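Residue indices begin at 1 and follow the sequence shown. In this text the structure is predicted, and so the values were computed from the model without any measurement.
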Amino acid sequence: MSLLDARIGHIIKLERQKKRLTLDALGKLVGCDHSTLSSYEAGRRRLPAVRVDALAEVFGIPAKLIDPEAYED
């Protein structure tokens, strides 16, 4: 687990909790399984850019806040 993956996972979990979404509910909104989301939140799995965009849309925040490295120039 990298520090960045842990940071991204923490942000995902906080934003999910703010929206009062379960892992299952969020998974349905972004098109992945709850266990995959759990791995992202725990920092055990790298979040792909396509998921960054989907999560940002659901959370109503800029994608760069979730993963700043995904959008470096």
Side-chain angles (χ1 to χ4, degrees):
M1 165 172 49
S2 76
L3 188 56
L4 179 62
D5 292 335
R7 178 193 168 280
I8 290 169
H10 183 70
I11 291 167
I12 294 169
K13 186 172 185 173
L14 287 175
E15 292 297 327
R16 177 178 62 79
Q17 290 173 335
K18 277 200 255 183
K19 294 282 186 184
R20 298 178 186 244
L21 293 168
T22 63
L23 287 169
D24 282 328
L26 181 57
K28 288 177 183 166
L29 292 172
V30 299
C32 69
D33 190 70
H34 70 91
S35 62
T36 302
L37 283 170
S38 178
S39 293
Y40 296 149
E41 286 187 1
R44 291 187 306 265
R45 191 173 197 172
R46 174 61 54 138
L47 182 66
V50 67
R51 294 267 189 261
V52 174
D53 292 335
L55 288 166
E57 187 174 326
V58 169
F59 297 149
I61 61 174
K64 193 167 186 87
L65 290 179
I66 297 174
D67 185 357
E69 289 188 359
Y71 297 93
E72 287 182 348
D73 294 329

side-chain hydrogen bond (donor to acceptor under 3.5 Å, both in side chains) involving R7 - partner list, sequence neighbours excluded: none
Identify, with sequence neighbours excluded, every residue that meets side-chain hydrogen bond (donor to acceptor under 3.5 Å, both in side chains) alongside R16. E41
Interatomic spacing from CG in L3 to CD1 in I8 - rounded to 0.5 Å: 10.0 Å
Determine whether F59 and I66 make a side-chain contact, defined as any pair of heavy atoms from C-beta on separated by less than 4.5 Å. yes
Side-chain touch R44/S38, heavy atoms, less than 4.5 angstrom: yes
Nearest heavy-atom neighbours spanning A56 and P62: CB-C, 4.1 Å
For a side chain to side chain contact (heavy atoms under 4.5 Å, CB included) with P48, tell me which candidate from R45, R51, R46 qualifies. R51
Hydrophobic clustering (ILVMFWY, side-chain heavy atoms < 4.5 Å, transitive) - are V50 and L4 grouped together? no
Is the closest side-chain heavy-atom distance between L47 and I12 below 4.5 Å? yes
Scanning both residues in full, the closest heavy-atom pair of A63 with D53 reads CB-OD1, 3.8 Å
Show me, pair by pair, the donor-acceptor contacts under 3.5 angstrom made by side chains of residues 17-31, not counting sequence neighbours?
unit_1	atom_1	unit_2	atom_2	d
K18	NZ	E15	OE2	3.1
T22	OG1	D24	N	3.4
T22	OG1	A25	N	2.9

Using the rule that Ile, Leu, Val, Met, Phe, Trp and Tyr join whenever any side-chain heavy atoms are under 4.5 Å apart, tell me whether L65 and L37 fall into a single cluster. yes
Will you find, in the side chains of T36 and D33, an N or O donor that is under 3.5 Å from an N or O acceptor? no
